Amino acid sequence: MTELAEVTTLLLSRIRDVADHPEPGVMFKDITPLLADPAAFTALTDALAELTVRHGATKIVGLEARGFILGAPAAVRAGVGFIPVRKAGKLPGATLSQAYDLEYGSAEIEVHAEDLAVGDRVMVIDDVLATGGTAEASLQLIRRTGAQVAGVAVLMELSFLAGRQRLESALAGAPLEALITV
């Protein structure tokens with residue numbers, strides 16, 4: 001078994017399915033058992049850091065909230081800066097914001113205006129790629145700062161929700177890396 005296959009097997013073994021959460025008919029993928037297991041969390045951190053380095057990123061953007069949990073240790077391991085992208089109204093000081101549509105309504109994310117600049121290459125990290133709305137908005141926000149998108153890396157892609165297809169044009173050739181695809 002290859003090292004990547006071993007990591008994938010380990011990660012999958014620590015993700016718990018929770019039926020009917022947050023509503024009936026939804027099978028929620030709970031990553032808290034993975035985070036509680038030091039070997040699995042370390043393997044995940046190492047894999048995300050390796051992708052960050054491989055794609056030449058100088059900073060990691062973590063998407064609120066689980067992207068913070070995964071992105072911050074990966075940034076430390078990769079030796080790059082970490083930038084949180086938050087829901088609107090959570091960051092003090094000057095921010096740039098990006099609105100986007102959800103299935104039922106809209107949302108807005110923000111980043112500190114001075115945290116990203118021309119010359120930065122940014123890896124976006126999150127736990128799950130679902131419909132791709134938040135990731136797409138983050139790519140638009142990153143480019144508005146003058147920074148380049150090095151790629152997007154997620155623990156898990158829910159392929160049946162077609163987020164990859166939604167992101168295709170926003171990625172503009174940057175890679176989308178999913179450690180697990182369901």
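It should be emphasised that the depicted structure is a prediction, and the values quoted were computed from it without experimental measurement.
For Y100 and S106, the side-chain atoms include no donor-acceptor pair closer than 3.5 Å.
If you chain together ILVMFWY residues whose side-chain heavy atoms come under 4.5 Å of each other, F28 ends up grouped with V18.
Checking side-chain atoms of T42 against main-chain N and O of A39 turns up no donor-acceptor pair under 3.5 Å. Although no hydrogens or angles enter the test, the distance criterion places a donor-acceptor pair under 3.5 Å between the side chain of R121 and the main chain of G56.
V53 approaches A78 most closely through the heavy-atom pair CG2-CB, 3.9 Å. When all heavy atoms are compared, the tightest approach of D120 to D115 is OD2-O, 4.1 Å.
The side-chain heavy atoms of I125 and V61, taken from C-beta on, include no pair separated by under 4.5 Å. V149 is listed as a side-chain neighbour of R143, based on a closest heavy-atom distance under 4.5 Å.
The pair E110-K90 does not meet the salt-bridge criterion, since no charged nitrogen lies less than 4.0 angstrom from a carboxylate oxygen. Salt bridge annotation for E64-R86: present, with a cationic side-chain nitrogen under 4.0 angstrom from a carboxylate oxygen. Comment: K29 engages D17 in a salt bridge, judged by a side-chain N to carboxylate O separation of less than 4.0 angstrom. Note on E168 versus R164: no salt bridge recorded, every NZ/NE/NH1/NH2 to OD/OE distance being 4.0 Å or above.
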(Q) Walk me through whether D126 and L70 qualify under side-chain contact (heavy atoms from CB on, under 4.5 Å). (A) CA-CA 7 Å; D126 205 3; L70 305 185; over 6 Å; no
